[in-house]
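In what follows, every chain begins at residue 1, and chains take the letters A, B, ... in the order their sequences are listed. Remember, it's a predicted structure, so these values are computed and weren't measured experimentally.
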Amino acid sequence: MKALVIAESADAARELSAGARTMADEVVLATFGEAPEAVADKVAVIAVPEGAIVDDAADTLLALADAEGVGVVLVEPTRHLKTVAGKIAAAKGTSTITDVMSFADGAASALYFGGVAERALKPSTDFAVYTVGSGAFADAAASGANEAVSVDWVAPAKAVELVSVAPVQKSGVDLNKADVVVAAGRGFSEEAQLDMARELCDKIGGGLGCSRPLTEGVDWLPRETYIGVSGLMLSPKVYVSLGISGQMQHMVGANRSGMIFAVNKDKNAPIFKQCDYGLVGDIVDVLPALNAAL
Amino acid sequence: MEIAVLFKVVPDDQDIQVKADRTLDFSKAKPKVSEYDLNAIEEAAQLAAANPGSKVVAITVGPKSIDDSKLKKNVLARGVDELVMVADDSLDGLDAYATAAALAKAVESAGSFDVLLAGDGSADNYAQQVPVQLACVMGLPVVTAATKVDVDGAAATIERTLEDAVETVRVALPAVVAVTPDIALPRIPGMKDILAAGKKPAAITAEQAPVACATEVVSCLAPESADRKLVVLDAKADGAIDEFAAALKAAL
Ligand SMILES: Cc1cc2nc3c(=O)[nH]c(=O)nc-3n(C[C@H](O)[C@H](O)[C@H](O)COP(=O)(O)OP(=O)(O)OC[C@H]3O[C@@H](n4cnc5c(N)ncnc54)[C@H](O)[C@@H]3O)c2cc1C
């Protein structure tokens with residue numbers, strides 16, 4: 001069988017090509033810029049025409065998949081490429097199995113209800129499409145001659161027009177590298193209260209993250225610092241949650257931490273069933289006292 | 001403008017129990033509108049308000065249990081004019097392929113629409129695939145990750161917020177648009193809205209020809225939970241804060 005890998009980033013191109021090698025006899029890589037060296041048998045660089053969106057490369061990639069006789073497609077789970085995966089799956093009469101964490105015995109494992117459970121899924125069709133997160137193929141090695149394949153852009157029947165692109169300013173905070181992470185949740189009722197969390201960070205050498213609601217609707221912390229199934233999946237030595245209820249969608253990003261500490265005013269909050277040390281109290285009273293004690 | 005908003009009904013995950021064998025028990029979990037679909041419903045209501053003469057039809061497909069009077073009122077109390085529901089046990093646990101097939105039929109039976117809005121991803125699968133597959137079935141263009149939608153005439157200008165860029169795109173209508181939770185904060189319906197909701201049209205039908213799923217679930221198990229110390233102190237108790245601080249210091 002042949003596999004098609006579709007990736008925007010070089011890291012994903014490399015890892016997914018390595019993974020595809022464990023599933024297929026031949027690996028075709030499609031990228032949108034320069035491909036990493038020696039990772040696939042064939043490489044197609046897709047030139048997205050000016051005024052088109054990457055999502056609309058689906059028809060081009062479908063033509064490539066058909067021309068190459070591909071049976072499995074591995075896709076990097078970016079916003080653009082999730083649309084591409086969906087369009088390819090629809091055309092092939094199947095469903096994309098999304099955000100796969102690992103493969104075993106022909107089944108792909110992914111989170112269900114934000115981590116309440118893990119499901120193993122299998123396509124019932126001959127053609128399979130997966131989006132695969134980083135780490136799923138960490139042990140596999142990529143190889144190949146990277147023979148260039150040229151592909152012509154196939155315009156979709158109803159194209160979306162790209163008017164302009166503006167880069168998103170990033171904060172530069174990388175909590176993946178932090179040993180100690182402090183996370184603030186909706187228990188913070190005003191933005192200024194976050195200073196108490198920042199002081200705690202200073203005391204214990206931690207990085208400040210949050211639950212998703214603090215980055216949405218309100219814009220108190222950068223989007224790249226929210227922890228959970230749709231954000232960061234962390235495994236620091238110490239994780240301190242402040243005013244977070246402990247719902248699974250959040251906890252799945254923190255429950256591999258070495259030690260979990262929690263402050264919440266509700267003694268029945270689910271976080272207290274998932275922590276090493278919990279403190280029942282209002283952050284407004286507890287944090288100044290805690291900061292003083294540290 | 002005719003606006004369809006697609007939503008999914010899911011069991012309330014707060015009440016999903018994990019059994020001793022790590023399988024899930026949904027028997028205590030009441031049906032609720034998937035969290036981020038509320039944002040899509042709100043955006044639909046706001047788009048309608050900004051374009052006088054518009055109508056909002058909320059559409060969903062799922063098992064019989066989604067036909068819940070509280071849930072239906074909750075949807076209709078959010079600036080929605082009509083509800084269309086296909087409630088049939090053949091529509092339980094569908095994947096994106098089968099959902100899109102069922103939804104496309106429900107949409108076609110409900111009328112013709114200029115914009116079909118959907119949420120960012122459902123609480124159960126969060127696959128973000130249904131709007132894309134639906135657009136393919138219906139032969140429409142699709143835009144995902146929308147954080148701003150402006151409709152003018154036969155086209156919409158949409159801002160989409162991606163991982164590291166904001167794209168502004170233009171799409172001819174009708175189109176399917178999946179919106180992020182950022183786009184609009186769901187309202188909290190008042191008593192008056194809920195009372196009025198009971199009088200709005202709601203069409204509940206059964207599925208005539210269900211389409212089979214293209215994927216199968218081999219297993220579904222809760223993860224082994226990590227061993228935690230579970231020492232929970234009352235901050236008001238003597239020495240509690242010092243004990244917590246000492247444990248925190250020791251862990252660093
Ligand atoms: C598809 C999907 C994906 C999602 N992905 C993510 C994700 O990646 N990350 C994420 O975080 N969420 C995610 N969510 C949202 C998630 O389900 C929860 O809604 C969210 O994590 C709740 O955030 P929270 O704990 O801060 O707020 P809440 O659940 O509102 O909890 C606030 C807590 O603060 C406590 N509190 C209130 N006031 C005080 C005070 N003064 N002092 C002390 N404690 C106080 C309360 O007792 C409560 O327990 C997702 C949801 C869906 C549907």
Item checked: Crowding at OH, A:Tyr239 (>12 non-hydrogen neighbours, <6.0 Å) -> yes
Notebook entry, point to check: Pick from A:Lys170, A:His80, A:Glu161: which one has the most heavy-atom pairs with chain B under 4.5 Å?
Noted result: A:Glu161
Notebook entry, point to check: Would you call the rings of B:Phe26 and A:Phe113 parallel, tilted or perpendicular, where under 30° means parallel and over 60° means perpendicular?
Noted result: tilted
Item checked: Test item: side-chain donor near acceptor, A:Gln249 and B:Asp13, under 3.5 Å -> yes
Item checked: Separation of A:Ile97 CD1 from B:Asp95 CG (nearest 0.5 Å) -> 8.5 Å
Next item on the list: Using a strict cut-off of less than 4.0 Å between a Lys/Arg side-chain nitrogen and an Asp/Glu carboxylate oxygen, indicate whether B:Asp120 and A:Arg79 qualify as a salt bridge.
Entry: yes
Item checked: Winner by heavy-atom pair count (cut-off under 4.5 Å) against chain A, out of B:Leu230, B:Asp234, B:Val217 -> B:Leu230
Note to self: Salt bridge or not between B:Arg160 and A:Asp55? Use side-chain N to carboxylate O under 4.0 Å.
What the structure shows: yes
Next item on the list: State whether the number of non-hydrogen atoms from other residues, nucleotides or ligands found under 6.0 Å of B:Asp152 atom CG is greater than 12.
Entry: yes
Notebook entry, point to check: At a heavy-atom separation under 4.5 Å, does A:Pro77 approach chain B through its side chain, its backbone, both, or neither?
Noted result: backbone
Notebook entry, point to check: Does CG belonging to B:Asp25 count more than 12 external heavy atoms closer than 6.0 Å?
Noted result: yes
Next item on the list: Could you tell me which portion of A:Val252 (side chain, backbone, both or neither) has an atom closer than 4.5 angstrom to a non-hydrogen atom of chain B?
Entry: neither
Check: Can B:Ile241 and A:Leu279 be said to form a side-chain contact (heavy atoms from CB on, under 4.5 Å), step by step?
Finding: CA-CA 8 Å; B:Ile241 288 180; A:Leu279 199 51; 4.1 Å; yes
Check: Looking only at heavy atoms, what is the nearest atom pair of A:Ala85 and B:Gln129, with distance?
Finding: C-OE1, 3.9 Å
Note to self: Tell me the closest heavy-atom pair linking A:Val286 and B:Ala235, and the distance in Å.
What the structure shows: CG2-CB, 3.6 Å
Item checked: Under 3.5 Å side-chain donor-acceptor pair for A:Thr78 and B:Glu163 -> no
Next item on the list: Please report the shortest heavy-atom distance between A:Thr94 and B:Tyr97, naming the atom on each side.
Entry: O-CB, 3.6 Å
Check: Would the number of heavy atoms belonging to other residues, nucleotides or ligands and lying under 6.0 Å from CG of B:Asp21 be above 12?
Finding: yes
Next item on the list: For chain B, find which of A:Pro167, A:Ala293, A:Pro123, A:Ala166 contributes the most heavy-atom pairs closer than 4.5 angstrom.
Entry: A:Ala166
Check: Quick one: of A:Ala292, A:Ser257, A:Ala91, who has the most non-hydrogen atom pairs under 4.5 Å with chain B?
Finding: A:Ser257
Check: Given B:Glu216 and A:Ser124, is the side-chain hydrogen bond (donor to acceptor under 3.5 Å, both in side chains) satisfied, shown in steps?
Finding: CA-CA 6 Å; B:Glu216 67 181 286; A:Ser124 2; 4.8 Å; no
Next item on the list: Taking all non-hydrogen atoms of both residues into account, name the closest pair between A:Ser230 and B:Tyr126 and its distance.
Entry: CB-CE2, 3.6 Å
Margin query: Treating A:Asp276 as the side-chain partner and B:Arg228 as the backbone partner, does any N or O pair qualify as donor plus acceptor under 3.5 Å?
Written below: no
Checklist line | Max heavy-atom pair count under 4.5 Å with chain B, selected residue of A:Gly281, A:Ala89, A:Ser95, A:Gly86 | finding: A:Ser95
Check: Under a 4.5 Å heavy-atom cut-off, does chain B meet the side chain of A:Lys237, its backbone, both or neither?
Finding: side chain
Checklist line | Any donor-acceptor N/O pair, B:Lys249 side chain to A:Leu294 backbone, under 3.5 Å | finding: no
Item checked: B:Ser219 portion near chain A, given a 4.5 angstrom heavy-atom threshold -> both
Check: Picking from B:Thr168, B:Val143, B:Asn39, which has the most non-hydrogen pairs under 4.5 angstrom with chain A?
Finding: B:Thr168
Check: In terms of heavy-atom pairs under 4.5 Å, which option from A:Gly114, A:Ala110, A:Pro156, A:Ala117 contacts chain B the most?
Finding: A:Ala117
Item checked: Options A:Thr125, A:Leu162, A:Asp99, A:Asn255, ranked by heavy-atom pairs under 4.5 Å with chain B, top entry -> A:Leu162
